[in-house]
Amino acid sequence: MFLALEERLRTAVAAHIKQRYNVDIPVVIELPRQQEFGELATPVSFALAKELKQAPRQIAMELVGKLTDIPGIASIELAGGGFLNVRLERGAYAQSLRAGESYAADRTPKKIIIEHTNINPNKAAHIGHLRNAVLGDTLVRMMRALGENVEAQNYIDNTGVQVADVVAAFHHLEKMTAAKVVELVDNPDVRFDYYCWDLYARISQHYQNEPDALAWRAETLHAIEADQGDLAEIGRIVAGAVVHCHMDTMYRLNVEYDLLPRESEILHMQFWSAAFEMLKERKAIYLEDKGKLKGCWVMPSDLFQETKQKDAEEEEESKFEESKVIVRSNGTVTYVGKDIAYTLWKFGLLEGRDFHYKQFRSYPSGRVAWYSVPDASDPQTPRFGKGDAVFNVIDTRQSYLQDVVKAGLQCLGFKKVAENFVHFSYEMVALTPRCCAELGIELSEEDRRRPYVEVSGRKGLGVKADDLLDMLIASALQEVSSRHEQLPYDERKKIATQIAVGALRYFMLRFTRTTVIAFDFQEALSFEGETGPYVQYATVRARNILRKFEATGESMPDFDAELTPAVLASQLENEDFWQLMLSASRLHWVVQRSINAAEPAQLARYAFQVAQTFNNFYHQHHILKEEDPERKVFLLWMTQFFLKELTAVLDVMGIEAPRVM
RNA sequence: GGGCGCGUAGCUCAGUUGGAUAGAGCAUCGGCCUUCUAAGCCGAGGGUCGCAGGUUCGAGUCCUGCCGCGCCUACCA
């Protein structure tokens, strides 16, 4: 609703400017800094002043006189040096909200592929992976809220170095056969992903101490690629079991997937050979015949890096900018090469190549996660891939590689496609030195002086996702139990879990993508202030009002009959009421803005602000004690409206609204 | 060396594609529970927006230079 009004205003102003001044300038619509200024504002007169060489205030005055009769808008006023402040028709606005007019996309949905999570299936998920999954899943939900057709993919690198290292560790350090590893997976007393976490740290340490052991890695990688023997078998077991662990962990956080494409199938279906032919044909890569990259197929660096002009001397010195190897001299393809092939598939550009699919698991929501298999697709398989746009949620450290992939698309002549290939990057989650101390991790003198230390799977340095979630649940459960002793344990546990997930998802979302999260237990475990539970608590308060009202024996009024446009208009003269309703009605507008800005943190911030507005309102107006019957009916409807809207906001963030708290 | 990013209150962070008086949370101090749940509300103190120039009606935001910090710059992924 708000989104539609903003759009209407923008169009009207732009049309008028075009007609009267014959100027095409972008009309910026913003929220006024202070609410007394109205609901919307535009500084367009300033931009126009520059264009027309006239005083902004003069232009603004002319505009005010002409911009009348825009439906839904009560007035436009001149303010300051030339701002146009816009006030909405409160009654009409409320009327449309009450009638349940909601956002409806008036365009055909686009197919959007969002890849996120992508954890190497060789160890438990940690807090860094959580940021990825929460950002990715929230992006998925935001796009769906705007009506897009979204496919959530979680890419499984089950044939890479990381899996190989753990496989080698099982074989060489643990002396386990494939059968023994299966026993371990089936042992209910062992958390397999945690076991692998420790094992991975162990073998990484072992490689450091005895570099000769690195031969194990090569041997294992070879076995996995050839898909033969006990090592390959262990590889399948490890990757398969750990993926299940990750899926369980993510499901605890309300994260669901549509498709798990696996690297083994990208190899098996020979996506690469098709991509290789395309790249060679388009001369995007060439066979290096000299220097240290002799024998490799490489992509020249100028294709994916913008470099300044340099004189010969500098060129001589520059040993850092080199071509990117796509195919190694031994003929094997690098990760980037595979990713180019996979990206081509995502856009439906790998003709004649597709995965085969089977069901991986189904969720209680009804969604089914599929995964790629080497042969024999399930006949029920939906259509995967062929995206209009692709978002890769990958941390910023991989920007370089994502640039190479994008350059690959451009070189192949897919310019438009490359524009719709988005690296949705974000900064890492690091540990504060204090956090390391709490975990009992010894740091070097140098690291202790840093603001934060990078999480490292190789070093086993990190906070596991499930551990953090367990801590949050335990903490929330204590609080819930102290407040609701009489509730059955299962119920309390369920609420505690909702609160824990709310706290965790909100924590991961409230930072903008470019901010390094220096993880701190105290901050992450907080349920007060700008947190998920604060927002959840506001919904519980609203729910309590409605519940208490019904407990008095009164039945809910017939809002349709009682809340006439005149009643709405008169009640909304109260500024508090108007601000709350306005604030709660902006979800789609905020989602659209968050997507435009590529910044889910804006949505989190909005949720907090709406909750804050409600809490303020809650303290000032006692609804159940309201004596004016008309006002009481109105406030009950407002409460209901607020509850519905804030619940919807939380849902876009993947956070549930608990029944009680 | 080059690329990307960051630097805003004691701490952690926002700052709406250049706009109106720079905002939150935490922490500190002071109020508010016989009230629809205090996981809350109200109030106070706290700022050279890293530094120096520039662009303009207007700069925390854009440009240049410098300082500090982080990441990337593999025939690993």
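By convention in this document, chain letters (A, B, ...) are assigned in the order of the sequence lines, proteins followed by strands, and residues within each chain are numbered from 1.
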*Between Glu115(A) and Asn118(A), does a side chain to side chain donor-acceptor pair (under 3.5 Å) hold up when you go through it step by step?*
CA-CA 8 Å; Glu115(A) 175 186 308; Asn118(A) 300 8; 2.4 Å; yes

_Please determine whether side chain to side chain donor-acceptor pair (under 3.5 Å) holds for the pair Thr117(A) and Asn132(A), giving the CA-CA distance in whole Å, both sets of side-chain angles, and the decisive distance to 0.1 Å._
CA-CA 6 Å; Thr117(A) 306; Asn132(A) 185 304; 4.7 Å; no

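Nucleotides A9(B) and A52(B), compared at atom C1', are 24 Å apart to the nearest Å. The gap from the P atom of C6(B) to that of C62(B) amounts to 9 Å, rounded to the nearest Å. For the C1' atoms, the distance from C41(B) to C36(B) is 14 Å, rounded to whole Å. Comparing the same atom, P, in A14(B) and in G50(B) gives a spacing of 14 Å after rounding to whole Å. As rounded to the nearest Å, U73(B) and U61(B) have P atoms that lie 31 Å from one another. On the P atoms, G15(B) is 15 Å away from G5(B), given to the nearest whole Å. Taking atom P in both U48(B) and G60(B), the straight-line distance is 14 Å, to the nearest Å. A gap of 23 Å separates the C1' atoms of C11(B) and C51(B), to the nearest Å.
Counting only heavy atoms from C-beta on, Glu30(A) has its side chain closest to G19(B) among C71(B), G19(B), C36(B). Proximity note for Arg450(A) (side chain, C-beta onward) versus G70(B), U21(B), A14(B): the nearest is G70(B). Of the listed nucleotides (U12(B), G70(B), U37(B)), U37(B) has the atom at the smallest distance from the side chain of Arg483(A). Here the side chain of Leu624(A) is nearest to one of C36(B), U12(B), A39(B), namely C36(B). If you check A20(B), A77(B), G40(B) against the side chain of Asp157(A), the one that comes closest is A77(B). When each of C75(B), G23(B), C36(B) is scored by its nearest atom to the side-chain atoms of Arg33(A), the top-ranked nucleotide is G23(B). In the set G19(B), C71(B), C36(B), the nucleotide with an atom closest to the side chain of Ile545(A) is C36(B). Here the nucleotide nearest the side chain of His484(A), chosen from G70(B), U37(B), A39(B), is U37(B). Closest contact between the side chain of Tyr618(A) and the listed nucleotides A77(B), C41(B), A38(B) involves A38(B). You'll find that the side chain of Arg605(A) is closest to A14(B), out of U35(B), A14(B), A38(B).
Between Arg541(A) and Asn544(A), the side chains place no donor N or O within less than 3.5 Å of an acceptor N or O (distance only, hydrogens not considered). Side chains of Asp339(A) and Tyr155(A): no donor on one and acceptor on the other come within 3.5 Å. No hydrogens or angles considered: a donor-acceptor pair under 3.5 Å links the side chains of Arg458(A) and Tyr200(A). If you check the side chains of Glu288(A) and Tyr286(A), you find a donor sitting under 3.5 Å from an acceptor. Of the N and O atoms on the side chains of His621(A) and Asp576(A), at least one donor lies less than 3.5 Å from an acceptor on the other residue. When only modelled atom types and interatomic distance are considered, Asn596(A) and Gln592(A) share a side-chain donor-acceptor pair under 3.5 Å.
Residue contacts shown for Val327(A) are absent, as no nucleic acid heavy atom lies under 4.0 Å away. Heavy atoms of Phe549(A) sit nowhere under 4.0 angstrom from any nucleic acid atom.
Using Watson-Crick or G-U wobble geometry with both donor-acceptor distances under 3.5 Å, A59(B) finds no partner in any strand shown. Judged by Watson-Crick or G-U wobble contacts below 3.5 Å, the nucleotide C69(B) has G5(B) as its partner. Base pairing of U17(B) is not made with any nucleotide, judged by Watson-Crick or G-U wobble geometry with both donor-acceptor distances under 3.5 Å. When both pairing distances are held under 3.5 Å, A74(B) makes no Watson-Crick or G-U pair with any nucleotide shown. Under the Watson-Crick and G-U wobble criteria, each requiring two contacts below 3.5 Å, nucleotide G10(B) is paired to C26(B). For G40(B), the paired base is C32(B) (Watson-Crick or G-U wobble, both distances below 3.5 Å). Base pairing of U64(B) is made with A52(B), judged by Watson-Crick or G-U wobble geometry with both donor-acceptor distances under 3.5 Å.
For residues 599-610 of chain A, the set of pairs meeting the side-chain hydrogen bond (donor to acceptor under 3.5 Å, both in side chains) definition, not counting sequence neighbours, comprises Glu530(A)-Arg605(A).
For Gln402(A) and C72(B), the shortest distance from a side-chain N or O to OP1 or OP2 is not below 4.0 Å. Checking the phosphate oxygens (OP1, OP2) of A77(B), no side-chain nitrogen or oxygen of Tyr335(A) falls inside 4.0 Å. A sub-4.0 Å separation between OP1 or OP2 of U17(B) and a side-chain N or O of Asn596(A) is absent. The side chain of Asn544(A) contributes an N or O atom lying less than 4.0 Å from OP1 or OP2 of U37(B). Side-chain N/O atoms of Tyr534(A) include one lying less than 4.0 angstrom from OP1 or OP2 on C41(B). Between Thr515(A) and A14(B) there is a side-chain polar atom (N or O) within less than 4.0 angstrom of OP1 or OP2. Contact check, Lys324(A) against A74(B): no side-chain N or O comes under 4.0 Å of OP1 or OP2. Put simply, Arg541(A) has a side-chain N or O that comes within less than 4.0 Å of OP1 or OP2 on A38(B).
Applying the 3.5 Å distance criterion, the base of A77(B) shares no donor-acceptor pair with the side chain of Asn118(A). A donor-acceptor contact under 3.5 Å is formed by the side chain of Ser329(A) with the base of C75(B).
Atom CD in Glu446(A) sits about 13 Å away from atom C1' in C69(B), given to the nearest Å. Atom CD of Gln522(A) is separated from atom P of C13(B) by 14 Å (rounded to the nearest Å). Computed from coordinates, the Asp520(A) CG to A27(B) C1' distance equals 13 Å when rounded to whole Å. Between Leu401(A) atom CG and C4(B) atom P the separation is 16 Å, expressed in whole Å. Here G40(B) presents its C1' atom at 9 Å from CD of Glu528(A), a figure rounded to the nearest Å.
Ring stacking is absent between Phe608(A) and A24(B), as the pair misses the limits of under 5.5 Å between centres and under 30 degrees between planes.
Counting non-hydrogen atoms of other residues, nucleotides and ligands closer than 6.0 Å to CD of Glu438(A) gives a total above 12.
Closest-nucleotide positions on RNA chain B for Leu31(A) and Asn85(A) were compared, and the one nearer the 5' end corresponds to Leu31(A). Nearest-nucleotide mapping onto RNA chain B: of Asp395(A) and Val27(A), the residue sitting toward the 5' end is Val27(A).
Classification of C71(B) as anti follows from a glycosidic angle more than 90° from 0.
Listed by residue number, Glu479(A), Val480(A) are the residues of residues 472-481 of chain A with a heavy-atom contact under 4.0 Å to RNA chain B.
A salt bridge links Glu263(A) with Lys338(A); the closest basic N to acidic carboxylate O contact falls under 4.0 Å.
With a 6.0 Å cutoff to the six-membered ring centre and a 45° limit on the axis angle, Arg586(A) counts as a cation-pi contact of Phe2(A).
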